[in-house]
Number of protein chains: 4
Amino acid sequence: MTEKQISILESALELFSSKGFDAVPTSLIAKQAGVSEGLIFRHFKNKQGLLNAIVQMGKEKIAFKIQLITEIVDPQKRIQAIMEIPFSLETDQYPLWRLIYSLKWQQEYSDDEFSRPIKEVLVNSLNELKYFDADAEADLIMSYMDGFASTILLKGEVVNKDKLLHALRKKY
Amino acid sequence: MTEKQISILESALELFSSKGFDAVPTSLIAKQAGVSEGLIFRHFKNKQGLLNAIVQMGKEKIAFKIQLITEIVDPQKRIQAIMEIPFSLETDQYPLWRLIYSLKWQQEYSDDEFSRPIKEVLVNSLNELKYFDADAEADLIMSYMDGFASTILLKGEVVNKDKLLHALRKKY
Amino acid sequence: MTEKQISILESALELFSSKGFDAVPTSLIAKQAGVSEGLIFRHFKNKQGLLNAIVQMGKEKIAFKIQLITEIVDPQKRIQAIMEIPFSLETDQYPLWRLIYSLKWQQEYSDDEFSRPIKEVLVNSLNELKYFDADAEADLIMSYMDGFASTILLKGEVVNKDKLLHALRKKY
Amino acid sequence: MTEKQISILESALELFSSKGFDAVPTSLIAKQAGVSEGLIFRHFKNKQGLLNAIVQMGKEKIAFKIQLITEIVDPQKRIQAIMEIPFSLETDQYPLWRLIYSLKWQQEYSDDEFSRPIKEVLVNSLNELKYFDADAEADLIMSYMDGFASTILLKGEVVNKDKLLHALRKKY
DNA sequence: GATGAATGAGAATTCATTCAT
DNA sequence: AATGAATGAATTCTCATTCAT
């Protein structure tokens with residue numbers, strides 16, 4: 001990937017995640033990336049292709065994170081690691097996650113490839129722990145996660161993350 | 001409000017909530033509402049005005065719901081009622097809530113007028129219960145709520161709401 | 001003519017003369033006249049009909065002015081009276097004249113019915129005075145008149161009318 | 001400036017000057033210029049921007065003309081040169097001048113940047129000639145000019161320009 | 001006579017995308 | 001690879017006009 005390709009991806013991610021895919025003209029992406037308008041189409045075929053590329057990168061990053069978690073032997077600790085993902089995100093990863101969360105709400109672009117691998121780990125871990133209804137329990141945990149993630153991604157530094165994390169640990 | 005105005009609002013809500021504000025052309029709204037496109041602008045000034053009208057109605061509906069909850073005397077029960085809002089939504093209210101949740105992710109349209117009154121009730125109730133850090137605790141509860149709401153609104157009938165609710169009651 | 005008809009005509013004249021016929025929506029005329037939008041069309045058939053009505057009134061006012069001037073016996077004095085028309089306009093007549101002058105520049109609406117009767121008086125008077133080329137001389141005088149009229153109508157109180165008039169009298 | 005930009009400017013000038021700015025749709029300009037409608041907006045931002053570009057070019061042409069006149073040493077001759085500007089216009093410059101004169105009558109677009117430099121030259125020249133009230137005298141001369149210009153631009157070949165010019169020279 | 005809701009044609013403007021260079 | 005001029009299809013919005021009441 002050339003420097004300009006990366007620049008396009010970064011600008012697009014930034015803009016898509018703050019304004020929404022449909023609200024961002026490709027011309028603005030090009031401008032912010034410091035490239036010509038045509039270049040986006042040479043590299044990514046069309047606007048949707050640009051989104052796909054970003055989403056693909058996102059999936060890989062998540063897969064990597066999940067991979068690490070899978071290696072934890074204790075299922076209890078594995079589950080906890082999953083739940084604490086939202087708290088472990090670096091600020092520079094926020095745009096990607098914000099984009100992923102915002103796309104959920106749009107029929108057209110929605111895609112559960114993001115949550116599926118996470119849920120799998122949870123179900124497996126819960127089964128190891130002999131939970132009766134692992135699937136429903138996994139949904140519950142994923143709900144908590146989504147709630148925390150939303151709070152953190154949207155309120156940013158306004159919310160007291162440590163307090164939230166502390167409460168979460170006590171409750172769970 | 002004339003019949004056609006209502007029809008426009010309903011179609012717009014339906015479409016905005018499933019595809020996203022920016023992805024819906026006014027021509028489609030008009031078509032679905034069975035009115036001329038010009039009528040949208042006569043009644044709501046512009047597309048944003050149409051969104052505002054929907055959002056305003058939403059705020060009023062929420063205010064009403066909150067009002068009822070405020071009348072619960074036992075603070076513990078009041079908090080529980082708040083947390084269980086996502087579970088008590090009628091299916092025909094889903095579009096409004098989906099729209100509200102999706103707008104959160106768009107800088108341009110985001111507006112915390114929805115969550116503020118809810119948080120207020122929580123903070124007041126927690127104070128009555130002499131919680132040490134009512135504000136952070138309220139944020140925590142709101143996180144749970146958001147998580148459940150997202151799950152219910154997005155997965156709809158796929159997820160086992162009773163199971164979730166049961167789990168929630170046990171945990172909290 | 002009802003009060004509302006007059007109100008429509010006045011608002012339309014005011015608006016057409018300051019912004020130009022094509023730049024004024026009928027809705028604005030209705031609003032400013034304090035009547036419903038539909039009423040304009042009931043009374044004047046269409047927007048063009050409204051302009052025609054104003055223009056017709058204008059022609060009548062001018063015809064009246066010319067009539068008075070025709071009654072002057074001395075051809076020299078008659079010519080002078082013509083030339084001084086721009087200086088004798090009441091401020092409340094400015095909008096009508098501004099409209100007439102602005103329409104001149106639009107092919108579509110241009111119409112020399114305004115200047116023709118004036119030129120006729122001039123040519124007749126010049127013939128009485130045995131001018132060699134009365135037609136060309138009339139054009140010259142009309143040019144002066146147009147120049148003064150433009151200056152007065154556009155600069156309004158900014159320009160020193162007495163000074164202009166004095167100069168005109170001396171020169172001619 | 002590309003060929004197409006020039007073509008747009010020429011078509012727009014032609015159309016604006018004959019029908020008036022507000023009476024000309026951009027689609028017509030594009031058609032006449034042989035370009036896509038979108039191109040107008042790419043190059044000139046919006047319809048007003050197109051007008052501005054034309055007006056700007058006009059100002060530069062006038063500035064050039066004035067510059068030449070400024071170089072005349074004899075103030076008497078300088079004034080005469082100014083007065084005779086309307087007579088010295090080439091037919092292909094008529095559209096520009098017609099546009100300028102028609103815009104005068106529209107509040108929204110009116111702009112005295114056209115007349116100001118001309119008046120300045122006049123005032124300076126009259127001061128050199130020790131005129132008592134140079135400013136009022138300049139207004140007078142500008143009135144003459146405007147009158148002749150209107151006549152020439154609107155009547156075109158119908159009017160006998162030589163005769164007018166001859167009369168003007170004799171009178172002044 | 002008067003209202004104002006409603007229409008539909010068209011106007012300005014945007015924007016993804018193509019293409020010659 | 002990269003540019004930026006150009007396109008054309010949509011999109012938002014305007015406005016003269018009609019019509020039921």
Side-chain angles (χ1 to χ4, degrees), chain A residues 1-5 7-8 21-31 33-50, chain B residues 1-5 7-8 22-30 33-50, chain C residues 1-5 7-8 21-31 33-50, chain D residues 1-5 7-8 22-30 33-50:
Chain A
M1 266 215 301
T2 72
E3 209 175 319
K4 299 212 169 184
Q5 274 186 66
S7 177
I8 291 171
F21 178 73
D22 294 290
V24 178
T26 52
S27 58
L28 181 59
I29 299 170
K31 196 176 160 190
V35 304
S36 68
E37 291 191 41
L39 197 59
I40 290 174
F41 298 87
R42 163 164 286 275
H43 285 314
F44 301 98
K45 185 159 162 44
N46 53 29
K47 196 183 172 187
Q48 180 68 51
L50 177 54
Chain B
M1 266 216 300
T2 74
E3 210 176 316
K4 299 213 170 187
Q5 266 185 74
S7 176
I8 291 171
D22 294 291
V24 177
T26 52
S27 58
L28 183 59
I29 298 169
V35 303
S36 67
E37 201 177 347
L39 196 59
I40 292 174
F41 296 90
R42 176 158 276 270
H43 284 313
F44 303 99
K45 186 162 162 58
N46 52 31
K47 198 184 168 187
Q48 179 68 51
L50 177 53
Chain C
M1 265 214 303
T2 73
E3 207 176 321
K4 297 211 170 186
Q5 273 183 66
S7 176
I8 291 170
F21 178 73
D22 294 291
V24 177
T26 52
S27 58
L28 182 58
I29 298 170
K31 197 176 161 192
V35 304
S36 68
E37 290 191 42
L39 197 59
I40 291 174
F41 296 88
R42 162 165 286 276
H43 285 314
F44 303 97
K45 186 160 158 47
N46 54 29
K47 195 185 173 186
Q48 180 67 50
L50 178 53
Chain D
M1 266 215 299
T2 74
E3 211 175 317
K4 300 214 169 186
Q5 268 186 73
S7 176
I8 290 171
D22 294 291
V24 177
T26 52
S27 58
L28 182 58
I29 299 170
V35 304
S36 68
E37 202 176 346
L39 196 58
I40 293 174
F41 296 89
R42 175 158 278 269
H43 284 313
F44 302 100
K45 186 163 163 57
N46 52 31
K47 198 183 168 187
Q48 179 68 50
L50 177 53

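Computed from a prediction, not measured in an experiment: that's the story for all the values here. Lettering follows sequence order; numbering is per chain, from 1.
- Out of E:dT17, F:dC13, E:dA6, the shortest distance to the side chain of B:Leu39 is found at E:dA6.
- In this structure, D:Asp22 and B:Lys4 both approach DNA chain E, and ranking their closest nucleotides by distance from the 5' end singles out B:Lys4.
- Distance from the side chain of C:Thr26 is smallest for F:dA16 among the nucleotides F:dA16, F:dG4, F:dT7.
- Atom CD1 in A:Ile29 sits roughly 15 Å away from atom P in F:dT3 (whole-Å rounding).
- Rounding to whole angstrom units, CD of residue A:Gln5 and P of F:dA1 are separated by 7 Å.
- Put simply, CZ on B:Phe41 is 8 Å from P on F:dT14, counting in whole angstrom units.
- Closest to the side chain of C:Thr2, out of F:dA6, E:dA2, E:dA5, is E:dA2.
- Smallest separation of non-hydrogen atoms from B:Ala33 and B:Ser7: O-OG, 2.9 Å.
- Computed from coordinates, the D:Asn46 CG to E:dA12 C1' distance equals 9 Å when rounded to whole Å.
- Rounded to whole angstrom, the span from the CD1 atom of A:Ile40 across to the P atom of E:dA16 amounts to 9 Å.
- The minimum heavy-atom distance between D:Ser27 and D:Glu37, with the atom names listed, is N-OE2, 3.3 Å.
- Taking atom NZ of A:Lys31 as the reference point, atom P of E:dC15 lies 12 Å away to the nearest angstrom.
- In this structure, B:Lys45 and A:Val35 both approach DNA chain F, and ranking their closest nucleotides by distance from the 5' end singles out A:Val35.
- Panel note: side chain C:Lys47, backbone C:Val24; a donor-acceptor pair is recorded below 3.5 Å.
- Base-pair partner of E:dG10: F:dC13 (Watson-Crick or G-U wobble, both distances under 3.5 Å).
- Mapped onto DNA chain E by nearest heavy atom, C:His43 and B:Glu3 fall at different nucleotides, with C:His43 at the one closer to the 5' end.
- Within the 4.5 Å cutoff, the side chain of B:Leu50 has no heavy atoms near those of the B:Thr26 side chain.
- Sequence order on DNA chain F of the closest nucleotides to B:Pro25 and D:Arg42 puts D:Arg42 first from the 5' end.
- The two residues A:Asp22 and B:Asp22 come nearest to each other via the heavy atoms CB-CB, 3.6 Å.
- Under the Watson-Crick or G-U wobble criterion, with both distances below 3.5 Å, F:dA1 has no partner in any strand shown.
- Rounding to whole angstrom units, CZ of residue A:Phe44 and P of E:dT17 are separated by 14 Å.
- Atom CD of A:Glu37 and atom P of F:dA6 are 13 Å apart (whole Å).
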